[in-house]
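A short worksheet on the structure shown next.
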Amino acid sequence: DAEITQSPRHKITETGRQVTLACHQTWNHNNMFWYRQDLGHGLRLIHYSYGVQDTNKGEVSDGYSVSRSNTEDLPLTLESAASSQTSVYFCASRAGGTDTQYFGPGTRLTVL
Amino acid sequence: GDSVVQTEGQVLPSEGDSLIVNCSYETTQYPSLFWYVQYPGEGPQLHLKAMKANDKGRNKGFEAMYRKETTSFHLEKDSVQESDSAVYFCALRRFYGGSQGNLIFGKGTKLSVKP
């Protein structure tokens, strides 16, 4: 079955380190998204991509970057991790022209 | 800008109670409306949707009516069950002519049904 996966599922890192969270989908969806979920803030969009080589900033993009070299993957990089980036991160994908967005299982990141 | 405001915090009905979770939206365009549900330890998943005014989304006994005149999309159920316990997100997506449009989420409402 087609799916969307995230790795790692849990990560503990130190302030200042670079961290990359992986997202992989097998539906061949053009649209991919990264969100963070924090208590009291709901789901906030970090970055998104509408296709290969396309990336766009969301509402909370500072300190994060993404790249889209193929259809299946959208890795999220924290260039220099900060304690404020401790959160649960969700990747999602959606086929162009459709309404249903599919979310991965999430990565819980702790920055000490 | 676009925004979604929903019942804040936690709702604690008993099993068999009726439920309304309020959702109001604001946008300059004509959106599609959604409820996503998130069970513990999982990512959100689409629960129900409505594409235009007066459409009613339905799933697992839940309903939500797209009301353009009051800009609302309240989630309702006649009799909740313990298995309905989850976090519910209201969301909108508007279309910019040929553009994609991204989902705008409310902050989520945690439903905890007491047995």
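Convention: sequence-line order gives letters A, B, ...; per-chain numbering from 1.
- Following chains of ILVMFWY side-chain contacts shorter than 4.5 Å, one can reach Val111(A) starting from Val60(A), so the two form part of one hydrophobic cluster.
- For the atom pair OH of Tyr48(A) and CG of Asn102(B), the computed distance is 5.0 Å after rounding to the nearest 0.5 Å.
- In the displayed structure, Ile12(A) atom CD1 is contacted under 6.0 Å by at most 12 heavy atoms of other residues, nucleotides or ligands.
- Contact annotation for Arg44(A): neither backbone nor side-chain heavy atoms come within less than 4.5 Å of a heavy atom of chain B.
- With a 4.5 angstrom heavy-atom cutoff, Leu45(A) touches chain B only via side-chain atoms.
- One hydrophobic cluster, built from ILVMFWY side chains closer than 4.5 Å, cannot hold both Met65(B) and Tyr25(B); they sit in different ones.
- Both Tyr39(B) and Trp35(B) are assigned to one and the same hydrophobic cluster, defined by single-linkage of ILVMFWY side chains at heavy-atom distances under 4.5 Å.
- Within 6.0 Å of atom CD in Glu79(A), more than 12 heavy atoms from other residues, nucleotides or ligands are found, so the atom counts as buried in its surroundings.
- Atom CD of Gln45(B) sits about 11.0 Å away from atom OG1 of Thr100(A), to the nearest 0.5 Å.
- Between the CD atom of Gln101(A) and the CZ atom of Phe34(B) there is a distance of 9.0 Å, given to the nearest 0.5 Å.
- Around atom CG of Asp78(B), no more than 12 heavy atoms belonging to other residues, nucleotides or ligands sit under 6.0 Å away.
- For the atom pair CZ (Phe105(B)) and OH (Tyr35(A)), the distance works out to 4.5 Å, reported to the nearest 0.5 Å.
- In the displayed structure, Tyr102(A) atom OH is contacted under 6.0 Å by at most 12 heavy atoms of other residues, nucleotides or ligands.
- For the set Leu43(A), Val88(A), Leu39(A), the entry with the most heavy-atom pairs within less than 4.5 Å of chain B is Leu43(A).
- Neither the backbone nor the side chain of Glu59(A) comes within less than 4.5 Å of any heavy atom of chain B.
- Between chain A and the options Gln38(B), Lys110(B), Lys49(B), heavy-atom pairs under 4.5 Å are most frequent for Gln38(B).
- Closest approach of Gly43(B) to Phe90(A), counting heavy atoms only: CA-CE2, 3.4 Å.
- The heavy-atom pair separating Arg93(B) from Arg94(A) by the smallest distance is NH1-NH2, 3.2 Å.
- Taking all atoms of both residues into account, the shortest heavy-atom contact from Asp99(A) to Met51(B) is OD2-SD, 3.2 Å.
- Clustering ILVMFWY residues whenever any of their side-chain heavy atoms sit less than 4.5 angstrom apart, transitively, puts Leu21(A) in a cluster other than the one holding Ile4(A).
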